Amino acid sequence: MALKNTKNDFYESVYQVVMLVPKGRVTTYGAIAKVIGTGLTSRMVGWAMNASHNQNAYVPAHRVVNRNGLLTGKHHFPIDNPMDKQLHEEGIIIVEDKVQDFKTLFWNPMNIMDTF
DNA sequence: AGCCTGACCTAGG
DNA sequence: TCCTAGGCCAGGC
């Protein structure tokens with residue numbers, strides 16, 4: 001395992017942000033990407049999520065949706081623990097793979113900076 | 001080694 | 001207001 005790896009750093013940053021997402025809240029790929037890097041790497045965030053399954057740390061990838069609040073990554077979740085089900089467990093209403101009241105439930109990663 | 005795709009987003013017409 | 005195009009990085013073929 002290479003210690004000096006840019007992608008590893010990027011992935012780690014993504015996990016850090018995602019893990020900070022409060023329960024019952026959701027965030028977007030673009031927001032995460034913007035906090036971490038240029039903001040144009042939103043695609044890589046999803047890729048990092050794909051790799052997050054291999055991580056030992058618990059990464060609430062189900063709290064990450066696209067900018068429309070649509071559960072685009074639902075198909076990538078295990079059948080035992082579907083994305084919508086996990087969100088529903090946290091009190092989030094999902095209708096047709098869409099997060100209801102997404103605007104209110106949206107958690108901006110920039111709040112981390114505000115907290116510091 | 002080069003081309004295509006992907007859990008996305010923004011901008012321009 | 002809807003549709004098209006471009007950009008970013010990494011992985012698979």
Side-chain angles (χ1 to χ4, degrees):
Chain A
M1 294 173 53
L3 296 176
K4 290 187 176 181
N5 221 347
T6 50
K7 88 173 182 186
N8 192 1
D9 186 38
F10 179 81
Y11 282 24
E12 186 181 345
S13 301
V14 174
Y15 301 146
Q16 291 288 331
V17 177
V18 176
M19 283 189 291
L20 287 175
V21 179
K23 182 184 177 186
R25 292 296 191 96
V26 292
T27 187
T28 66
Y29 301 95
I32 296 172
K34 207 157 197 172
V35 173
I36 295 173
T38 60
L40 299 174
T41 58
S42 44
R43 275 184 160 178
M44 294 293 88
V45 177
W47 222 247
M49 291 293 106
N50 196 1
S52 69
H53 285 281
N54 214 359
Q55 293 289 323
N56 293 335
Y58 171 65
V59 181
H62 59 278
R63 298 183 191 147
V64 184
V65 295
N66 64 346
R67 85 138 200 115
N68 294 320
L70 189 68
L71 307 187
T72 53
K74 177 189 175 186
H75 202 66
H76 276 259
F77 274 77
I79 306 173
D80 300 7
N81 239 8
M83 191 175 188
D84 48 357
K85 180 166 186 171
Q86 292 187 55
L87 289 172
H88 190 267
E89 290 285 332
E90 299 185 357
I92 300 178
I93 308 301
I94 306 297
V95 177
E96 292 185 357
D97 299 343
K98 279 186 305 183
V99 177
Q100 299 304 300
D101 205 358
F102 170 69
K103 190 182 73 172
T104 306
L105 295 177
F106 173 72
W107 179 78
N108 196 330
M110 290 293 286
N111 288 345
I112 305 172
M113 307 303 177
D114 203 35
T115 304
F116 287 149

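All values derive from a computational prediction rather than experimental measurement. To find a chain, count down the sequence lines: A is the first, B the second, and so on, and within it residues start at 1.
- Under the salt bridge (charged side-chain N to carboxylate O under 4.0 Å, His left out) criterion, A:Lys34 pairs with no residue at all, not counting sequence neighbours.
- Screening residues 75-103 of chain A for ring pair (Phe, Tyr, Trp, His ring centres under 6.0 Å) gives A:Phe102-A:Phe106 as the qualifying pairs, with residues at least two apart or on separate chains.
- Hydrophobic clustering, with ILVMFWY side chains joined whenever heavy atoms are under 4.5 angstrom apart, keeps A:Leu87 apart from A:Val59.
- Applying the salt bridge (Lys or Arg N to Asp or Glu O under 4.0 Å) rule to pairs touching residues 50-61 of chain A yields nothing, sequence neighbours excluded.
- Residue contacts for A:His62: at a heavy-atom cut-off of 4.0 Å it reaches no nucleic acid atom on any strand shown.
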Find every protein N or O atom lying less than 3.5 Å from an N or O atom of nucleotides 8-12 of chain B, and list the pairs.
from	atom 1	to	atom 2	distance (Å)
B:dC8	OP1	A:Thr72	OG1	3.1
B:dC8	O2	A:Ser42	OG	3.0
B:dC8	N3	A:Arg43	NE	3.2
B:dC8	N4	A:Arg43	NE	2.9
B:dC8	N4	A:Arg43	NH2	2.1
B:dC9	OP1	A:Arg67	N	2.8
B:dC9	OP2	A:Arg67	N	3.1

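- Using a 4.0 Å cutoff on non-hydrogen atoms, the parts of residues 74-91 of chain A near DNA chain B are A:His76, A:Phe77, ordered by number.
- The side-chain hydrogen bond (donor to acceptor under 3.5 Å, both in side chains) analysis of residues 90-100 of chain A, with sequence neighbours excluded, yields the pairs A:His62-A:Glu90, A:Arg63-A:Glu90, A:Lys74-A:Asp97.
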Symbol by symbol from the 5' end, with Watson-Crick or G-U pairs under 3.5 Å, [ ] crossing and | another strand, DNA chain C is .||||||.|||||
What side-chain donor-acceptor pairs closer than 3.5 Å can you find for residues 17-29 of chain A, not counting sequence neighbours?
from	atom 1	to	atom 2	distance (Å)
A:Thr27	OG1	A:Trp107	O	3.1
A:Thr28	OG1	A:Ala31	N	3.2
A:Tyr29	OH	A:Val64	O	3.3

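- Qualifying side chain to side chain contact (heavy atoms under 4.5 Å, CB included) partners for A:Thr104, counting only residues two or more places apart in sequence or in other chains: A:Asp101.
- With sequence neighbours excluded, no residue satisfies side chain to side chain contact (heavy atoms under 4.5 Å, CB included) with A:Asn56.
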